[in-house]
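Down below is the structure, laid out as C-alpha cells.
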Amino acid sequence: TIATVPVAPVLGRLRSEFGYQATEKGLRFRVVNSSAMVRSDARLLERLVQNLVSNAVKYTETGGVLLGCRRRGERLRIEIWDTGVGIPEEQLQKIFEEFYQLGDRTGDRMRGFGLGLSVVRGLADLLGHHIDVRSTVGKGSMFAVELPLTDGKKAAQALVSATLSEPIGRGRAVLVVEDDPVLLGSLRLLFQ
C-alpha cells in the first residue's frame, strides 16, 4: 500500500540487520539517519534497499559500506555506497537481468543466483521509483533509489481532515501525536 513512510525506521532495521555481518567481514558499516518522509510501500521499499545493502556487503572485501539519503528538490535518494569490486560500465544495465552474474560464473552458489538486482528493478518499477547506479572497477559502486518526498505534517493534516469529515460518535477517543506546539494547539481547539 502506497502511503507516507518515515525513512528512519527502515534505515534503523537495516543497520541492525547488516551491522554485525559487516563487522564480521572487517568492514565499516555506516548508516546516516534521516528524518525524511516518502511516498512508497514500507515493506517493499525496505526489501528493495535490503537487497542493495546485502549485495554491497557481500561484494565488498575491504573498506566499507555507507547507507544514507540525499534530498533533491521534491525527491529523496536513498544511496548505498561501497568500496567493493565495482562493475564494468558495459555491464551496468545487464546486472538487472534475471540470473545475470558478474565475474566467475562456474556455479558458486554462495554468491547467489543473480536474482537480487532483478528483484530490485521489479520492485522499483512496481513502486514507480527510479534506480541509479554508478561504479568504477576496483573502487566500488553506488546504487540509489529515488522516490518522492512527502511532508509528514501535511499528511497528518490530511488524515485529520478526512477523519473529521466523518461523524465521531459519543464515547470515542482520539489520540493526537504532534511535536509542533502551534499545530498541536490548533488541533486541540479543533477537537474541542
Side-chain angles (χ1 to χ4, degrees), residues 1-19 21-22 27-60 62-98 100 102 112 114-156 158 179:
T1 305
I2 301 294
T4 297
V5 177
V7 174
V10 173
L11 298 177
R13 285 189 293 272
L14 293 172
R15 175 187 293 120
S16 297
E17 181 176 349
F18 291 102
Q21 186 179 347
L27 302 174
R28 291 180 313 279
F29 182 62
R30 184 166 171 235
V31 178
V32 180
N33 209 2
S34 173
S35 62
M37 305 280 269
V38 295
R39 294 286 302 160
S40 190
D41 178 283
R43 287 184 21 229
L44 296 180
L45 175 63
E46 186 166 338
R47 173 90 188 273
L48 188 159
V49 178
Q50 179 184 46
N51 279 338
L52 293 173
V53 173
S54 175
N55 279 351
V57 172
K58 186 185 300 181
Y59 294 106
T60 301
T62 60
V65 175
L66 170 67
L67 170 61
C69 301
R70 290 178 196 256
R71 291 175 189 256
R72 296 271 168 95
E74 298 296 314
R75 316 253 329 140
L76 183 78
R77 287 173 55 94
I78 300 174
E79 297 182 351
I80 300 92
W81 292 79
D82 68 58
T83 57
V85 296
I87 304 162
E89 187 166 341
E90 67 274 6
Q91 295 185 32
L92 285 177
Q93 292 311 309
K94 292 179 185 177
I95 60 174
F96 292 100
E97 296 173 7
E98 289 183 9
Y100 188 82
L102 290 172
L115 291 172
L117 291 177
S118 68
V119 168
V120 165
R121 173 70 75 201
L123 289 173
D125 289 347
L126 179 69
L127 295 168
H129 302 337
H130 175 73
I131 300 292
D132 184 26
V133 59
R134 286 183 269 151
S135 189
T136 303
V137 174
K139 292 191 176 183
S141 302
M142 184 284 304
F143 284 82
V145 181
E146 192 172 298
L147 57 164
L149 277 164
T150 187
D151 184 338
K153 289 181 183 178
K154 285 182 182 174
D179 65 349

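Heads up: numbering here begins at 1 and tracks the sequence. Every heavy atom of this structure was used, including side-chain atoms; hydrogens, water molecules and symmetry mates were not.
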Would you please name every residue forming a side-chain contact (heavy atoms from CB on, under 4.5 Å) with [X], sequence neighbours left out?
X    : answer
R28  : none
T83  : T60
L123 : L44, R47, L48, V119

**Report entry** D41 (side chain) donor-acceptor with T1 (main chain) under 3.5 angstrom
**Finding:** yes
Query raised in the report: So, the side chain of D82 versus the backbone of S141: is there a donor-acceptor pair under 3.5 Å, distance only?
Result: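 Checking the backbone N and O of S141 against the side chain of D82, a donor-acceptor pair under 3.5 Å is found.
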Separation between [atom1] of [X] and [atom2] of [Y], rounded to the nearest 0.5 Å:
X    : Y    : atom1 : atom2 : result
S35  : R71  : OG    : CZ    : 5.0 Å
L52  : I131 : CG    : CD1   : 6.0 Å
I80  : L66  : CD1   : CG    : 9.5 Å
R30  : W81  : CZ    : CH2   : 13.0 Å
F143 : I87  : CZ    : CD1   : 4.0 Å
F18  : K58  : CZ    : NZ    : 9.0 Å

Just to verify, what does [X] make a side-chain hydrogen bond (donor to acceptor under 3.5 Å, both in side chains) with, not counting sequence neighbours?
X   : answer
R43 : none
R77 : E79, D132, E146
R15 : none

Requested in this report: Indicate the atoms forming the closest heavy-atom contact of L14 with F29, along with that distance.
Outcome: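 Here L14 and F29 meet closest at O-CE2, 3.9 Å.
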Query raised in the report: Is there a side-chain contact between S135 and M142, using heavy atoms and a 4.5 Å cut-off?
Result: no
Query raised in the report: In a check of side chain to side chain contact (heavy atoms under 4.5 Å, CB included) between V49 and each of L67, V120, L11, which one passes?
Result: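 One option only clears the test, and that one is L67.
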**Report entry** Single hit among V5, I78, V7 for side chain to side chain contact (heavy atoms under 4.5 Å, CB included) with L147
**Finding:** I78
Query raised in the report: Got a sec: does the CZ of R13 have more than 12 other heavy atoms crowding it under 6.0 Å?
Result: yes
Report task. Evaluate side chain to side chain contact (heavy atoms under 4.5 Å, CB included) for R75 paired with L149, printing each intermediate quantity in order. Result -> CA-CA 5 Å; R75 316 253 329 140; L149 277 164; 5.8 Å; no
